[in-house]
Amino acid sequence: MKQYVVGIESTAHTFSASVVTSSGDILSNSKNVYSPPEGSGIHPLAAAQSHMKAAGQVLERSFSEAGVDASEVAAVAYSMGPGLGPCLRVGAVAARTLASLLQAPLVPVNHAVGHIELGCLVTRAEDPVVLLVSGGHTMVIAHSGTRWRVLGETLDLTLGQLLDQFGRHAGLSSPCGRNVEKAASESSTYLRLPYSVKGNDVSFSGLLTMAKGMLDSGRKFSDVCYSIQETAFAMVSEVCDRALAFTGKREVLVVGGVAANRRLGQMLEVMASRHSARALLTPTEYSGDCGAQIAWTGSLAYACGASVAVSEAGVRQSWRLDTVDTPWRR
Ligand code: AMP
Ligand code: MG
């Protein structure tokens with residue numbers, strides 16, 4: 001019986017393809033990451049062009065690493081959204097082409113749900129409060145009934161955008177999170193920045209403006225990086241703290257590109273221990289955008305009968321995760 005699902009991710013800077021088995025073995029997870037010129041953010045058309053160039057090779061590499069023949073593929077999953085229109089369309093075209101060639105069903109996947117389900121697979125989380133922190137999202141989420149539900153979110157910038165926009169202001173190339181983390185680890189001087197938690201929501205725009213101003217007025221880059229991390233990570237930890245208290249869940253799972261940050265992981269561990277809960281940190285290989293999040297979630301959805309006709313396999317630039325049914329979790 002055919003048991004492999006291919007997943008294609010292309011929502012933003014990453015074009016990636018992965019092959020997984022229906023029991024959750026990740027056989028390959030190849031990617032090509034578009035990097036914008038120094039000092040600028042992602043240009044959607046330039047990223048889409050980079051994806052177009054990379055698509056064939058990334059797919060080939062993914063099949064050869066997995067050691068799977070295309071004829072053994074049960075379904076082709078792809079990121080339908082949310083994301084940047086031109087980038088999403090490259091992934092959708094690649095998926096439609098592959099599905100037509102292989103005469104395999106097409107399974108659309110919500111990118112954010114993909115981050116969560118892959119995080120659950122690789123950390124063995126069962127019923128977590130989820131902190132999704134990436135370039136495109138900052139949300140605190142838990143599953144209830146038939147869907148993942150948003151308990152709190154950012155009112156303006158995402159945590160990834162905060163780090164990237166600050167880094168670019170300092171002249172770094174996007175994505176800047178790793179460089180901000182490295183600089184922060186060289187300081188322990190805290191400069192007071194706006195701490196803005198409103199109910200269960202967070203806001204980072206005031207923090208970004210003040211941090212940029214500090215840099216312009218000559219404060220040390222490492223001190224500002226340290227202060228941004230301490231403030232912003234404490235804010236999202238506070239919301240997770242409240243979510244654990246409210247839901248009584250015993251796990252907090254962090255997913256999305258910012259999950260790679262060690263200081264964020266430490267803060268969540270301290271917070272979770274106060275609830276006798278476990279902090280589950282998604283390993284870096286699987287925390288950022290990748291094909292495996294789409295292949296695995298596509299595999300779960302396909303097992304529940306989800307698929308669309310090639311003619312319906314479009315893209316949805318804005319597609320909230322709390323509108324997506326998750327029959328595999330019933
Ligand atoms: P994603 O959209 O899930 O691929 O995540 C990309 C985001 O993760 C970008 O905003 C990066 O700056 C951020 N990121 C990657 N590594 C780190 C890190 N070590 N610390 C903080 N942010 C990071
Ligand atoms: Mg993402």
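Quick caveat: nothing in here was measured; it's all calculated off a predicted structure. Read the numbers this way: they start at 1 and go in the same order the structure lists the ligands and their atoms. If you read the sequence from its start, that first residue is 1, and numbering goes on from there.
Counting heavy atoms from C-beta outward, N110 and M80 have side chains that stay 4.5 Å or more apart.
Ligand 1 has H13 within reach: a non-hydrogen atom of the residue lies less than 4.0 Å from it.
Excluding waters, the set of protein N, O or S atoms lying under 2.8 Å from the Mg ion (ligand 2) comprises H111 NE2, H115 NE2, D289 OD1.
If you look at C176 next to ligand 1, the close heavy atoms, those under 4.0 Å, all belong to the backbone. Proximity of H115 to ligand 1, defined as any heavy-atom pair under 4.0 Å, is confined to the side chain (atoms from C-beta onward). Heavy atoms from both the backbone and the side chain of V258 come within less than 4.0 Å of ligand 1.
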With a 3.5 Å cut-off and sequence neighbours excluded, list the donor-acceptor pairs that the side chains of residues 244-259 form with protein atoms.
| from | atom 1 | to | atom 2 | distance (Å) |
| --- | --- | --- | --- | --- |
| T247 | OG1 | A243 | O | 2.8 |
| T247 | OG1 | K249 | N | 3.2 |
| K249 | NZ | D127 | OD1 | 3.0 |
| K249 | NZ | D127 | OD2 | 3.0 |
| R250 | NH1 | H275 | O | 3.2 |
| E251 | OE1 | E126 | N | 2.9 |
| E251 | OE1 | D127 | N | 2.8 |
| E251 | OE2 | E126 | N | 3.2 |
| E251 | OE2 | R278 | NH2 | 3.2 |

What pairs of donor and acceptor atoms, side-chain ones from residues 15-23 against any protein atom, are under 3.5 angstrom apart with sequence neighbours left out?
| from | atom 1 | to | atom 2 | distance (Å) |
| --- | --- | --- | --- | --- |
| S16 | OG | S30 | O | 2.7 |
| S16 | OG | G291 | N | 2.7 |
| S18 | OG | S28 | O | 2.7 |
| T21 | OG1 | S23 | N | 3.4 |
| T21 | OG1 | S23 | OG | 3.3 |
| T21 | OG1 | G24 | N | 3.4 |
| T21 | OG1 | D25 | N | 3.0 |

Taking only distance into account, with no hydrogens and no angle test, what donor-acceptor pairs under 3.5 Å do side-chain atoms of residues 128-137 form with protein atoms, sequence neighbours excluded?
| from | atom 1 | to | atom 2 | distance (Å) |
| --- | --- | --- | --- | --- |
| S134 | OG | G136 | N | 3.2 |
| S134 | OG | H137 | N | 3.1 |

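Atom CZ of R330 has more than 12 neighbouring heavy atoms from other residues, nucleotides or ligands inside a 6.0 Å radius. Dense packing is recorded around NE2 of H143, with more than 12 heavy atoms of other residues, nucleotides or ligands lying under 6.0 Å away. With a 6.0 Å radius and a threshold of 12 heavy atoms from other residues, nucleotides or ligands, K220 has its NZ atom at or below the threshold.
The nearest protein atom to atom 12 (O) of ligand 1, hydrogens excluded, is given as D164 OD1, 2.7 Å; this is a heavy-atom distance. Of the protein's non-hydrogen atoms, N261 ND2, 3.1 Å is the one closest to atom 20 (N) of ligand 1. Of the protein's non-hydrogen atoms, the one nearest atom 1 (P) of ligand 1 is D289 OD1, 3.3 Å. Scanning all protein heavy atoms for the shortest distance to atom 22 (N) of ligand 1 gives G177 CA, 3.4 Å. Ranking protein heavy atoms by distance to atom 19 (N) of ligand 1, first place goes to E181 OE1, 2.8 Å.
Between the side chains of S174 and R168, a donor-acceptor pair is found at a separation under 3.5 Å. R263 and Q266 are linked by a side-chain donor-acceptor pair at a separation below 3.5 angstrom, with hydrogens and angles left out of the test. Side-chain contact annotation: N32 with H51, donor-acceptor N/O pair under 3.5 Å absent. The closest side-chain donor-acceptor pair between N29 and E285, if any, does not fall under 3.5 angstrom. A donor and an acceptor atom, one from each side chain of T11 and E9, are located under 3.5 Å apart.
Taking a cut-off of under 4.0 Å to the non-hydrogen atoms of G160, the atoms of ligand 1 that pass are 10 (O). Each of the following atoms of ligand 1 lies closer than 4.0 Å to a heavy atom of L163: 21 (C), 22 (N).
Considering backbone and side-chain N/O atoms, G135 comes within less than 3.5 Å of an N/O atom of ligand 1. An N or O contact shorter than 3.5 Å is missing between S287 and ligand 1 by distance. Polar contact check, Q161 against ligand 1: no nitrogen or oxygen pair lies under 3.5 Å apart.
Using a distance-only test at 3.5 Å, with no hydrogens or angles considered, a donor-acceptor pair links the side chain of R149 to the main chain of S144.
Among G257, P175, G265, the residue whose heavy atom lies nearest to atom 5 (O) of ligand 1 is G257.
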